Amino acid sequence: MSSNARRPVAEAGRKFVRERFIRPVAVFVDTEASGGIVLLAAAFAALIWANSPWDERYFDLWHAHLSLDLNLVRFDQSLGHAVNDGLMAVFFFVVGLEIKRELVHGELATVRKAALPAAAAFGGMLVPALFYTAFNFGGDGAKGWGIPVATDIAFAMGVLALLGRRAPFSLKVFLLALAIVDDLGAIVVIALFYTESISFEAVAWAIAIGGLIFALGKAGVRSVDVYVALGIVFWAAVFKTGVHATIAGVLLAMMTPSRPYLTPEAFDASAEELLTAYRQARAHGDTEAQQQILRQVEALSRDTESPLDRLEHTLHPWVSYLIVPVFALANAGVALSGDLLGDAAASSVSLGILLGLVVGKPIGILTACFLAIRFGIAELPSNTGYRHMAGAGLLAGIGFTVSLFITGLAFDSPVLVDEAKVGILAASTVAGIIGFVYLWVLPGEPPERA
């Protein structure tokens, strides 16, 4: 067969691969629900593995010890703790970037815009904590009150995405803002209430390194390598303070510049000069000069995007499709024996988490929204009513990722940890199903006017 005859066949094959395999994957990655689906798959994989004939390998893997001595800092932890202390610092860094973006130019940028999601998040944290405490006050599980305060953004937004136009766009924006404020509250809870002791020498080192990072940013230093190296040292210093090391990720995010290095006017002027130089190099056939100018154009376009936006866009896929699923794989596995399920059904820890997330969340959010609007502090988003707020409250009861994270901080007892995990998994499943069904039967978003 001649090359001309083979060309249509090859092109048809490439088109088949694009249409059948590549495009569906690209569409999947671009959807809001995809991160939640990958997370759900990882959680199921952990549960199946932990209840399979290879269950010992699952638990042995995450309890395997890692040791690293860097002179100033020595790490001697299990693989599971390394995931929670190390990889999750990147997760909280991205969460911090999202929080700062919303505070600077998003739904939390003004007091009026931030009032409703902030009030809803406060109510959605306070009431579940009270529900849990009512079941566990003075008991062995009392320290777990922070477990039901969290909302899982990936799962909650994934459910809303599956609802399509049945969920008004303004409701999606509200729930996203609520979840971000909720994450901020969870970070404060972790820092203030789940820190047992503090090394003030390490605090001094962390402040000094953080101050250096901030000063370099103000001085216009743009080297990514410098900030990565200092960020790792900063994380190690925070790790030594006794405050959970993931807080380092949030603090680094708050120091990340939210404005681009170049203004649109400066970009226009520089781009015009480079384009003129490129045309001249092309006219003279100077290939090397053309490549150099193109690299300058690439760097110029990069400087028109803020470091905050660039880092968020770069890291978000890694967090959604690798870091959080690995965390779920390491933490969601629990051996669901008949004894455990029976104990969990009667456990004040499991019941406190279940009622806190499924009942306390919607009550707290809806009550806080009503009070904020009643006293003129805030107003309902467009195309939404209190029924939609109740739906958002139900979905906010999906507390998977951060709830599991706080469980590891709150309890040392394996029994309490397993009971808490059963409560989280049950509550997140029930809240997701009820929230989805509830919003599905409500009238959808009204059609856009022509």
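The residues of the chain are indexed from 1 along the displayed sequence. Treat the numbers as computed from the prediction; the structure is a model and nothing was measured.
- Of the possible donor and acceptor atoms, one in the side chain of Trp49 sits under 3.5 Å from a partner among the backbone N and O of Trp54.
- Of all the heavy atoms in Ala115 and Ala378, the pair that sits closest is CB-CB, 3.8 Å.
- The distance from the CZ atom of Phe174 to the SG atom of Cys369 is 4.0 Å, given to the nearest 0.5 Å.
- A search for side-chain hydrogen bond (donor to acceptor under 3.5 Å, both in side chains) contacts involving Asp60 returns nothing, not counting sequence neighbours.
- Remark: the backbone N or O of Met254 is paired with a side-chain donor or acceptor of Lys100 at under 3.5 angstrom.
- Atom OH of Tyr438 is separated from atom CG of Leu395 by 11.0 Å, given to the nearest 0.5 angstrom.
- To the nearest 0.5 Å, atom CZ of residue Arg57 and atom OG of residue Ser52 are 9.0 Å apart.
- Taking Phe436 as the reference, Trp440 meet the ring-ring contact (aromatic ring centres under 6.0 Å, His included) condition, with sequence neighbours excluded.
- One finds the NZ atom of Lys361 at 14.5 Å from the CG atom of Leu355 (value rounded to the nearest 0.5 Å).
- You'll find the side chain of Leu175 stays beyond 4.5 Å of the side chain of Leu171, heavy atoms only.
- Nearest heavy-atom pair across Ala156 and Thr151 is CB-CG2, 4.4 Å.
- Residue pairs meeting the ring-ring contact (aromatic ring centres under 6.0 Å, His included) criterion with at least one partner in residues 396-422, sequence neighbours excluded, are Phe92-Phe405, Phe155-Phe400, His244-Phe405.
- A donor-acceptor pair under 3.5 Å links the side-chain atoms of Ser403 to the main chain of Ile147, judged by distance alone.
- Atom CG of Leu311 sits about 6.0 Å away from atom OG1 of Thr256, to the nearest 0.5 Å.
- A distance of 9.5 Å separates OG in Ser170 from CG in Leu380, rounded to the nearest 0.5 Å.
- Side-chain atoms of Thr367 do not come within 3.5 Å of backbone N or O of Gly364 as any donor-acceptor pair.
- Panel note: side chain Thr133, backbone Leu130; no donor-acceptor pair is recorded below 3.5 Å.
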